[in-house]
Amino acid sequence: MRDFFFCGMFLNVYIRTDNLRYRKETLMPEDVDTLETKRSKLLEEFLSLGDLRPGSLTAVMRRCGKPSCHCAKRNDPGHDPQFRLTRRVAGKTVTETFPNPTALRKAQQEVTEFHRFQKLSQDLVALNEKICRLRPVEQQRGGWTEQEKKTLLRSMRKWREK
Ligand SMILES: [Zn+2]
């Protein structure tokens, strides 16, 4: 049995678009306003996400085991492959098979969409980290508020009573 990973194809596409986006980013000056605009656009992209779910799609080539069958020959592609979606649920691998190519294509679309979601999430976190670093600390107002004074005095009285 040999497993062929199908998701590699989709991943390449995303890595390429990522590189293009990165190149564009480095040319622009990055201040909090620019980054906030980018964040708004990114958040809008989340709305375009369709049905999504995690998992790895694999095609398992099948050989029936009969010595007289064509599949017993070397370099024979074997019988129709069985397509599977595997994912980890609470530490265990759950496998799903697909009855027909249409069901498989639907699952492929859902997994592709999940990868898009992951990419968007990573971008969103990276963008937010930049914003957090650049965002200045708010100006401290001088003095104590009345509430702060009361709370502070109350706690000081408690210390004295001990
Ligand atoms: Zn066979």
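Order of appearance sets the numbers: ligands from 1, and atoms from 1 within every ligand. Side chains included, hydrogens not; waters and symmetry mates left out as well; all remaining heavy atoms used.
Here the CD1 atom belonging to I131 is positioned 9.5 Å from the CD atom belonging to E30, to the nearest 0.5 angstrom.
Listed by chain and number, C64 SG, C69 SG, C71 SG, H79 NE2 are the protein N/O/S atoms closer than 2.8 Å to the Zn ion (ligand 1), with waters left out.
Note: F46 and F117 have perpendicular aromatic rings, judged against thresholds of 30 and 60 degrees for the angle between ring planes.
The local environment of CG in D51 is sparse, with at most 12 non-hydrogen atoms from other residues, nucleotides or ligands closer than 6.0 Å.
Between the side chains of R84 and T97, not a single donor N or O lies within less than 3.5 Å of an accepting N or O.
Of the listed residues (K130, K41, R135), just one forms a salt bridge (Lys or Arg N to Asp or Glu O under 4.0 Å) with E36, and that residue is R135.
Within the 3.5 Å criterion, the main-chain N or O of G50 finds a donor-acceptor partner in the side chain of E113.
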